[in-house]
Structures are given as C-alpha cells and as structure tokens.
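For this chain, numbers begin at 1 and follow the sequence in order. Bear in mind that the values here come from a model prediction, so they are computed numbers and not experimental data.
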Amino acid sequence: MASSPSPGLSAGDREALLKLGDDLNRAWQRPGVTSEIKKKILRTVLSEIVVDLDQDNQHLDLIIIGKVAITPA
C-alpha cells in the first residue's frame, strides 16, 4: 500500500522551522547543556544515520536522514 506524499510546507511554516534552527544552535551551545540533552535533541530530529567506509578506505561517508524533510524554496 503506497502512502500519499506529504504536503509541502507553507512559506510561513518553512520560515518558522528555519528560525527554530537558530534557537537550536543557541540551545546546543548554551553552558550546562549535557551530552544527554544533546542526544535527546538528535533523537528528536533525526530518524537515521548511515555510516559507510569509502572504497579507498580513506574516509567515512555519512548519510543523515531527518524526520522532517525541508526542501529549498
């Protein structure tokens, strides 16, 4: 059973989400924010992180998948 595509974000919703990113940065850098709180933040916004070693074994490739996709306007 195929699911229907998610509706796009309105301009106002997109702006609000981008503003939350600024707030998130301030929260992340705030003194006293523990590793546990940072882990909770990441678990809230991310659904999956895929790590793969490149073919030349020189570096790791990361694919970070968020729970909400925001596409450029």
Side-chain angles (χ1 to χ4, degrees):
M1 173 183 232
S3 62
S4 61
S6 300
L9 292 173
S10 71
D13 288 343
R14 184 175 190 282
E15 186 176 326
L17 283 173
L18 292 173
K19 186 175 180 329
L20 283 175
D22 292 338
D23 292 341
L24 177 60
N25 187 41
R26 279 196 302 270
W28 192 271
Q29 300 298 327
R30 186 175 178 169
V33 174
T34 64
S35 297
E36 188 61 34
I37 291 173
K38 290 179 179 182
K39 289 178 194 177
K40 288 179 182 182
I41 292 169
L42 291 174
R43 288 183 186 118
T44 300
V45 299
L46 300 178
S47 66
E48 184 176 11
I49 299 175
V50 178
V51 181
D52 190 25
L53 189 61
D54 77 335
Q55 292 181 351
D56 299 328
N57 295 326
Q58 296 295 315
H59 66 273
L60 297 174
D61 294 321
L62 298 176
I63 299 172
I64 300 173
I65 303 167
K67 291 185 179 181
V68 176
I70 299 176
T71 56

Taken in chain and number order and not counting sequence neighbours, the residues that satisfy side chain to side chain contact (heavy atoms under 4.5 Å, CB included) with Ser35 are none
Kindly list each side-chain donor-acceptor pair under 3.5 angstrom involving residues 57-66, sequence neighbours excluded, with atom names and distances?
{"unit_1": "Gln58", "atom_1": "NE2", "unit_2": "Asp56", "atom_2": "O", "d": "3.3"}
{"unit_1": "His59", "atom_1": "ND1", "unit_2": "Asp54", "atom_2": "OD2", "d": "3.2"}
{"unit_1": "His59", "atom_1": "NE2", "unit_2": "Asp61", "atom_2": "OD1", "d": "3.1"}

Sorted by chain and residue number, the side chain to side chain contact (heavy atoms under 4.5 Å, CB included) partners of Gln29 (sequence neighbours excluded) come out as Asn25
Interatomic distance, CD@Glu36 vs CD1@Ile41, rounded to 0.5 Å, equals 11.0 Å
